[in-house]
Amino acid sequence: MAEVERWSLEHHGRSHVVLVEASGWGRRLQWRVDGGLVAERRTSDEKVHLAPGGDAPADAGALVLRFGWVGPARRVTLFGPSDDLDASARALVGVGGVDLRPDPGSPAARRQAWIATHPRLHTARQTAVAVAAVVVPLLLTWLLARFAFSLPWPDWDLPRIPWPDIPWPQIPWPRIPWPDITWPRVPWPDVSLPWWVEEALSYARYVVPVAIAFALARREVRRHRAAQDQQAGPRPTGPRTGTTRTGTTRTEPTEPTEPKEPTGPTTDGTPDGTRPG
């Protein structure tokens with residue numbers, strides 16, 4: 001039996017649960033709000049939009065699930081309505097949204113924990129995958145071309161088929177005297193780009209996918225950090241303790257407070273409220 005992924009979130013007083021189960025070549029998705037099923041779908045797409053059905057609560061929102069080629073779901077995001085757009089429109093545009101959390105110990109949770117602890121390695125891997133997606137097709141095309149031209153193809157003498165000569169009728173179409181319009185010539189300036197700009201544009205189709213993959217990986221790292229900070233809550237204001245590289249415990253003191261300025265003479269005659277010794 002296939003393992004079922006479970007993503008959950010408590011948002012605005014409602015409990016959202018998403019179940020992802022492998023089904024053949026695709027996946028079976030279920031979205032439940034407060035225990036009731038509001039959407040269900042079977043798909044193999046990498047990006048899936050889920051909208052609630054007719055019996056769903058009015059403030060249920062909309063979901064967007066992102067998957068990779070293999071492995072668990074990459075991200076499950078809940079979108080709520082706003083003053084300008086409804087939930088489905090915000091999900092299509094990708095504006096805002098709150099990420100659901102996978103169950104602790106699940107493959108998706110382990111993946112998020114690994115990204116949080118190795119952000120640079122994750123970015124490097126995603127960039128390397130994008131570079132491979134650009135370089136590998138070019139390399140395979142070059143190898144296939146060299147292999148095809150190196151083969152000793154036989155010189156076939158194919159027979160010539162005597163196709164019949166059909167005397168098609170000539171229809172005397174009428175000739176319309178279209179007016180001869182002389183369009184004005186606009187003296188466009190002759191602008192030539194520098195050689196380095198033309199050279200950069202020639203490699204743009206190879207560099208742009210790599211740059212996009214790098215930016216998306218960095219964005220995913222920031223989203224995981226923001227979700228962890230939101231889940232952890234506000235940070236404490238007392239002294240912070242930590243462990244150094246040598247294994248010793250270090251305590252960082254809080255910032256010293258400035259002494260208060262005297263507010264004036266008190267009832268006992270002293271200017272700052274202290275009694276003489």
Side-chain angles (χ1 to χ4, degrees), residues 1-116 122 126 129 212-213 215-233:
M1 185 177 180
E3 183 179 358
V4 180
E5 299 180 41
R6 187 178 184 274
W7 299 69
S8 59
L9 177 67
E10 297 289 337
H11 187 64
H12 289 174
R14 295 194 178 276
S15 175
H16 298 265
V17 176
V18 176
L19 303 177
V20 181
E21 181 181 2
S23 176
W25 293 100
R27 307 174 187 88
R28 180 170 176 262
L29 311 176
Q30 286 188 354
W31 177 20
R32 297 182 179 273
V33 178
D34 295 335
L37 182 64
V38 298
E40 185 176 11
R41 185 177 176 183
R42 293 178 182 269
T43 180
S44 59
D45 298 338
E46 296 184 2
K47 184 178 181 181
V48 184
H49 294 262
L50 288 181
D55 298 336
D59 57 347
L63 277 181
V64 175
L65 297 90
R66 295 180 181 273
F67 299 90
W69 295 346
V70 294
R74 297 293 187 260
R75 188 167 70 245
V76 181
T77 308
L78 174 67
F79 294 88
S82 63
D83 297 336
D84 301 331
L85 299 174
D86 58 355
S88 299
R90 293 189 66 193
L92 291 174
V93 178
V95 178
V98 182
D99 291 341
L100 278 72
R101 293 184 292 271
D103 283 351
S106 62
R110 292 194 298 267
R111 178 180 179 274
Q112 290 186 356
W114 186 89
I115 292 176
H122 171 70
Q126 296 299 318
V129 170
I212 293 176
L216 292 178
R218 295 299 302 171
R219 181 184 177 186
E220 186 175 6
V221 170
R222 288 194 296 268
R223 287 182 68 95
H224 285 308
R225 288 179 177 174
Q228 287 184 350
D229 294 341
Q230 184 179 5
Q231 183 179 2

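Note that these values count all heavy atoms, side chains included, but never hydrogens, waters or copies made by symmetry.
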Please name all residues satisfying salt bridge (Lys or Arg N to Asp or Glu O under 4.0 Å) with [X], sequence neighbours left out, ordered by chain then number.
| X | value |
| --- | --- |
| R110 | none |
| R28 | E21, E40 |
| R6 | D103 |

Look at the rings of H16 and H11 and say which category their plane angle falls in: under 30° parallel, 30 to 60° tilted, over 60° perpendicular. tilted
Any residue meeting side chain to side chain donor-acceptor pair (under 3.5 Å) with [X], in chain and number order, not counting sequence neighbours:
| X | value |
| --- | --- |
| R41 | none |
| S15 | E10 |
| R66 | none |
| W25 | none |

With rounding to the nearest 0.5 Å, note down the distance linking NE2 in H49 to OG1 in T77.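 Result: 10.5 Å between the selected atoms.
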To the closest 0.5 Å, what do you measure between CZ (F67) and CG (L29)? 5.0 Å
Heavy-atom closest contact ([X] atom, [Y] atom, distance):
| X | Y | result |
| --- | --- | --- |
| R27 | G68 | NH2-O, 3.5 Å |
| G26 | S44 | CA-CB, 3.9 Å |
| R74 | V70 | NH2-O, 3.4 Å |
| S23 | R42 | OG-NH1, 2.6 Å |
| W31 | V18 | CD1-CG2, 4.0 Å |

Considering only distance and modelled atom types, tabulate donor-acceptor pairs under 3.5 Å from the side chains of residues 56-64, sequence neighbours left out.
unit_1	atom_1	unit_2	atom_2	d
D59	OD1	R14	NE	2.8
D59	OD1	R14	NH2	3.4
D59	OD2	R14	NE	3.2

Of the options V98, D99, L100, which is the one that meets V76 in a side-chain contact (heavy atoms from CB on, under 4.5 Å)?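 One option only clears the test, and that one is L100.
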Can you list the residues that meet the side-chain contact (heavy atoms from CB on, under 4.5 Å) rule with A109, with sequence neighbours excluded?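 By the side-chain contact (heavy atoms from CB on, under 4.5 Å) rule, A109 matches P102, S106.
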side-chain contact (heavy atoms from CB on, under 4.5 Å) partners of E5, counting only residues at least two apart: W7, V20, P72, A73, A108
Pairwise side-chain contact, R111 with H122, heavy-atom cut-off 4.5 Å (strictly under): yes
